[in-house]
Amino acid sequence: MARLPQRFYRRDALDVARDLLGKILRRGPVRLRITEVEAYRHGGDTANHCRAGRTPRNAAMWGPPGRAYVYVCYGLHQMLNLVTDEDGQGAAVLIRAAEPLAGHDVIRTRRGGLDGPALLTGPGKVGAALGLDTSFCHHPLYRAGGLEVLDAAPVAQVLCGPRIGIDYATPEHVRAPWRLAVADNRWVSHRKTLSARA
DNA sequence: TCTACGATCTTT
DNA sequence: AAGATCGTAGAT
């Protein structure tokens, strides 16, 4: 399948998040099917890294869309985001989980190789599997080479629920069901707090 | 400079 | 239930 064009990302993060489910992340021999995502939206989302304005860390998140925003969490996890919306909005989709399709022999986690069914459920594991670090900030995902996102068949049924680890946000945004996941798939974290979505 | 704190993961 | 582990942001 072809790479997703830049215009795919140039709309609201929640819409992009929904349509990213089932798409393919590729880096070299490694291919991962996206199974769980979170939208960090423009317009006052108090969980969004851009909520307090532009900083050196979040620079890539302000656009242009279709590029990577990677940041370090808890000092050790490399978190992959795909930048969305128009330039200057400060929005992105966090990749929370993925199903390994190819490159199993190359995929690594913090503990070593791919050795169990629970792996790649959690954003830190996705970043490790793709060997990412903050130097991937601004990397264009719609161009050939390095890290790419490929088109694939749409997902039939989607689950949704509140985002994980954002208790610092306002109650409205803590509750917002902006975490989306592929239904009936084992590569999804925090299943208990997900439910059916229209 | 100093300090507090994570869009987490693992082990206990 | 809590420790690991360190870059970032905001305060000083």
Side-chain angles (χ1 to χ4, degrees), chain A residues 9 12-18 20-21 25 32 34-63 65 67-85 89-100 107-139 141 159-181 186-194:
Chain A
Y9 304 92
D12 189 280
L14 189 57
D15 296 323
V16 176
R18 166 64 180 80
L20 274 173
L21 292 174
L25 285 162
L32 309 179
I34 298 171
T35 51
E36 182 185 351
V37 295
E38 281 177 358
Y40 287 88
R41 306 174 74 186
H42 74 83
D45 180 0
T46 54
N48 189 322
H49 276 181
C50 292
R51 65 189 176 279
R54 193 181 196 104
T55 68
R57 176 175 73 156
N58 69 28
M61 209 173 147
W62 294 95
R67 305 175 95 105
Y69 165 48
V70 178
Y71 72 94
V72 178
C73 186
Y74 292 95
L76 59 167
H77 303 297
Q78 314 289 321
M79 313 279 272
L80 171 62
N81 295 259
L82 311 187
V83 178
T84 67
D85 293 73
Q89 301 274 36
V93 173
L94 170 69
I95 309 298
R96 281 198 58 86
E99 172 181 358
I107 292 174
R108 293 291 175 268
T109 68
R110 289 192 75 246
R111 292 200 319 184
L114 199 57
D115 58 11
L119 295 179
L120 299 197
T121 57
K125 295 174 184 176
V126 173
L130 292 168
L132 302 181
D133 57 60
T134 55
S135 70
F136 278 79
C137 279
H138 302 100
H139 177 87
L141 300 152
L159 304 179
C160 73
R163 293 171 291 179
I164 301 298
I166 55 157
D167 290 344
Y168 54 82
T170 61
E172 171 194 4
H173 294 133
V174 168
R175 282 194 303 268
W178 296 344
R179 180 164 67 104
L180 307 178
R186 71 193 299 192
W187 308 93
V188 172
S189 69
H190 299 265
R191 293 162 154 282
K192 290 78 47 186
T193 54
L194 291 171

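Every heavy atom of this structure was used, including side-chain atoms; hydrogens, water molecules and symmetry mates were not.
For A:Arg96, a side-chain nitrogen or oxygen approaches OP1 or OP2 of B:dT8 to under 4.0 Å. Taking only side-chain nitrogens and oxygens, A:Tyr74 never comes nearer than 4.0 Å to OP1 or OP2 of B:dC5.
Listed for the A:Arg18 side chain is no donor-acceptor partner under 3.5 Å among the backbone atoms of A:Asp15. No side-chain donor-acceptor contact under 3.5 Å links A:His139 to the backbone of A:Ala68. Using modelled atom types, no side-chain atom of A:Asn48 and backbone atom of A:His42 make a donor-acceptor pair closer than 3.5 Å.
Paired with A:Glu36 under the rule salt bridge (Lys or Arg N to Asp or Glu O under 4.0 Å), one option of A:Arg186, A:Arg96, A:Lys125 passes, and it is A:Arg96. The side chain to side chain contact (heavy atoms under 4.5 Å, CB included) test with A:Ile95 singles out one residue from A:Leu130, A:Thr35, A:Leu82, and that residue is A:Leu82.
Under the 30°/60° scheme for interplanar angles, the aromatic rings of A:Tyr69 and A:His49 are found to stand perpendicular.
Residues forming a side chain to side chain donor-acceptor pair (under 3.5 Å) with A:Asp45 (at least two apart in sequence, or on another chain): A:Arg163. Partners of A:Tyr9 by side chain to side chain donor-acceptor pair (under 3.5 Å), not counting sequence neighbours: none found.
Atom-to-atom, OH of A:Tyr40 to P of B:dG6 comes out at 13 Å; the value is rounded to the nearest Å. If you take CD1 of A:Ile164 and C1' of B:dA7, they are 10 Å apart, rounded to a whole angstrom. A straight line from NE2 of A:His77 to C1' of B:dC5 spans 14 Å, rounded to a whole angstrom. Per the geometry, CG belonging to A:Asp167 stands 14 Å off P belonging to B:dC5, to the nearest Å.
At a threshold of 4.0 angstrom between heavy atoms, the contacts of A:Leu76 include nucleobase atoms, whether or not backbone atoms are also involved.
Within the 4.5 Å cutoff, the side chain of A:Leu120 has heavy atoms near those of the A:Leu32 side chain. With contacts defined as side-chain heavy-atom distances shorter than 4.5 Å, the pair A:Cys160/A:Leu180 qualifies. Contact check for A:Tyr40 versus A:Ile166: side-chain heavy atoms found under the 4.5 Å cut-off. Residues A:Ser189 and A:Arg179 meet the side-chain proximity criterion, which asks for heavy atoms closer than 4.5 Å. Inter-residue side-chain proximity for A:Tyr71 and A:Met61 is flagged as unmet; no heavy-atom pair is nearer than 4.5 Å.
First and last contacting nucleotides of DNA chain C toward chain A (any atom under 4.0 angstrom from a heavy atom, 5' to 3' order): C:dT5 to C:dG10.
Within residues 42-58 of chain A, the residues approaching DNA chain C are A:Ala52, A:Thr55, A:Pro56, A:Arg57, by heavy-atom distance under 4.0 Å. Residues from residues 128-139 of chain A with heavy atoms under 4.0 angstrom of DNA chain C: there are none.
Counting only Watson-Crick and G-U wobble pairs whose two distances sit under 3.5 Å, DNA chain B takes part in these stems of three or more pairs: B:1-6 with C:6-11, B:8-11 with C:1-4.
To the nearest whole angstrom, the two P atoms, one in C:dA1 and one in B:dA7, are 22 Å apart.
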